[in-house]
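Single-structure report; data block below.
Counting convention: from 1, in listed order, for ligands and their atoms alike.
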Amino acid sequence: MKKIKNLIVGCGLSGLVLAERIASQLKENVLIIDRRSHIGGNVFDYKDIKTGITIHKYGPHVFHTDMKHVWDYLSNFTQWHFFHLETQVVIEGIKTALPFNLNTLRDVFCPSLAERLEQKLIETYGFGTKIPILKLKENGDNDLRFLAEYIYNNVFAGYTGKQWGLRPEEIDPEVTARVPVYISRDNGYFQDKYQGIPLKGYTGMCKKMLDNPLIELKLNTDFADIKNEIFPERLIFSGAIDEFFEYKYGELPYRSLRFDIRTENIEYYQKTAVTNYPNNYDFTRICEHKHFLNEKSNKTVISVEYPQPFEIGKNERCYPINNPQTQKLYQQYQKEARKLKNVYFIGRLGDYKYYNMDICINRALEFFKTIKGENK
Ligand code: UDP
C-alpha cells in the first residue's frame with residue numbers, strides 16, 4: 001500500500017490540465033496514469049516515419065475557441081500553426097462547402113433557384129445567422145421547406161445514419177446543430193476567434209504540459225490494476241464513470257470509430273483536410289493529414305473513418321450517446337460519485353458529455369479553481 005498526494009486517471013486533455021495545474025500552482029506531486037501506451041487521449045498525434053506527416057491517430061482535431069483564457073493557457077505549452085478548417089462535402093457528386101452555406105447553395109442549384117432561396121433565407125433569418133437543420137425543417141414556406149428537405153436528405157440523413165445508427169430526429173438536437181446551415185459566404189467549419197493546430201503537434205503540446213519534476217507519468221497502466229495498491233489523497237478520474245463503478249447500473253453507451261489509415265503515392269488526395277461523404281460508401285469522412293500543418297511530401301496519408309458501436313475491450317470510446325435514458329443512467333452514477341470524498345470525475349468520459357477540446361480544458365481549469373479553494 002502506497003500513499004500519494006494526487007492520482008489522475010487518464011492522460012487526455014482533462015487529466016493533463018489538472019496534472020499541470022496541480023504541479024505548477026499547488027506544487028504538489030501528481031501521478032498520472034493511462035492504460036494506453038501514449039499520452040494525449042484522443043488528441044494524440046505522431047509522425048509517420050515514411051512520409052514525415054503528422055497523423056491525428058483518432059481523427060481530425062482542429063483546435064478552436066472563443067475563450068481567450070483557454071487559448072492563452074494552451075499557448076504556454078505550444079506555438080500555433082494558424083489553421084482554419086474548410087470541410088468539403090460530396091452532394092450528388094459535387095464537392096462543395098460544409099456547413100451548407102450560400103456558396104453551397106450556388107454549387108448545387110441552378111442560378112435562378114439559388115438566387116430565390118438565398119433571398120428567402122436572408123429575409124427570413126438575416127445574413128450571418130446559423131440555423132440548425134431541424135429548425136429549418138420547421139419553416140412553413142414552400143421554398144424553404146424544399147431546401148430544408150434537400151439539406152436534410154443530402155447532408156444529414158445518411159451521415160447521421162452511419163455515425164449514430166439513427167435518424168437526425170432520434171439524436172440529441174445539439175449534435176446536428178454543431179453543423180448548422182450558415183447564411184454566409186464563409187466556408188470555414190468554425191467561426192471562433194482563435195483557431196489552430198499546435199505547431200509541434202498535439203503530442204508535443206501535451207508533453208510540455210507534463211514537463212514538471214513533480215509529475216510522474218505511467219503509461220500502459222490500468223486503474224483497476226493499481227487501485228488496491230495506491231491510496232491517493234485526491235483522485236481525479238477522467239476515465240469512464242460507469243467503468244469506475246464496475247457498471248453496477250449498466251453500461252453507458254458510446255459510438256466508436258475505426259480508422260483505415262492509408263499512404264497514397266500522390267502528392268495530394270483532396271483539396272482540404274476533411275471531406276464528408278454523407279450518401280456514399282460505409283465511411284463518413286476522409287481526412288488528409290498533411291493539410292493540418294501544411295507538411296510537404298510527395299506522398300500523402302489519409303484516414304477513412306468508419307463509425308461503429310463502442311465495445312468494451314475492442315475499441316475506444318469516442319462519442320457519448322446523449323438521450324433521456326442515458327442521462328438517467330449517467331445521473332445514477334453521478335449520484336454515486338457525489339457520495340465519494342476526494343474523488344472527482346471530469347472529461348468526456350467522466351462527465352459523459354460530447355465536449356469540444358476547448359470546453360474540456362475550460363472545465364478542467366474551472367475544476368482546478370475549486371481544488372485551489374479547498375487548499376486555502
Ligand atoms: N453531420 C451530418 N453530416 C455531415 C457532418 C455532420 O449529418 O456532413 C451531423 C452528424 O450527426 C454528426 C454531427 O453533425 O455526428 C456533428 O458533426 P461534427 O462534424 O461536429 O462531428 P465531429 O467532428 O465531432 O465528429
- prompt: Only one of E20, R363, R21 forms a side-chain contact (heavy atoms from CB on, under 4.5 Å) with F368, so which one is it?
  reply: R21
query: For the side-chain contact (heavy atoms from CB on, under 4.5 Å) test, which of N276, T272, D107, V90 pairs with K95?
result: V90
What residue and heavy atom of the protein are closest to [atom], and at what distance?
| atom | value |
| --- | --- |
| atom 20 (O) of ligand 1 | R178 NE, 2.7 Å |
| atom 17 (O) of ligand 1 | V179 CG2, 3.5 Å |
| atom 24 (O) of ligand 1 | Y354 OH, 2.6 Å |
| atom 11 (O) of ligand 1 | T160 OG1, 2.9 Å |
| atom 5 (C) of ligand 1 | N276 ND2, 3.4 Å |
| atom 15 (O) of ligand 1 | W164 NE1, 2.8 Å |

- request: Just let me know how V175 lines up against ligand 1, side chain, backbone, both or neither, with a heavy-atom cut-off below 4.0 Å.
  value: both
- request: Indicate, as side chain, backbone, both or neither, the part of T284 found under 4.0 angstrom from ligand 1 when only non-hydrogen atoms are considered.
  value: neither
N/O separation below 3.5 Å, [X] to ligand 1:
| X | answer |
| --- | --- |
| P278 | no |
| T176 | no |
| Q163 | no |
| Y159 | no |

Just which atoms of ligand 1 are under 4.0 Å from any heavy atom in [X]?
| X | answer |
| --- | --- |
| R285 | 19 (O), 22 (P), 23 (O), 25 (O) |
| V155 | 2 (C), 3 (N), 4 (C), 7 (O), 8 (O) |
| Y319 | 22 (P), 24 (O), 25 (O) |
| Y189 | 18 (P), 19 (O) |

- request: Could you check Y319 against W164 for ring pair (Phe, Tyr, Trp, His ring centres under 6.0 Å), going step by step and ending with a plain yes or no?
  value: CA-CA 9 Å; Y319 303 91; W164 300 94; 5.6 Å; yes
Would the [X] and [Y] ring centres measure less than 6.0 Å apart?
| X | Y | answer |
| --- | --- | --- |
| F345 | F245 | yes |
| Y194 | F63 | no |
| H61 | F44 | no |

message: Main chain of K299, side chain of K290: is a donor-acceptor contact present, judged purely on distance under 3.5 Å?
response: yes
task: Using modelled atom types only, decide if a donor and an acceptor are shared between the side chain of N356 and the backbone of D358 within a distance under 3.5 Å.
output: no
field: side-chain hydrogen bond (donor to acceptor under 3.5 Å, both in side chains) partners for K335, two or more places apart
entry: none
- line: The single option from T96, D186, N187 that satisfies side chain to side chain donor-acceptor pair (under 3.5 Å) with N101 is N187
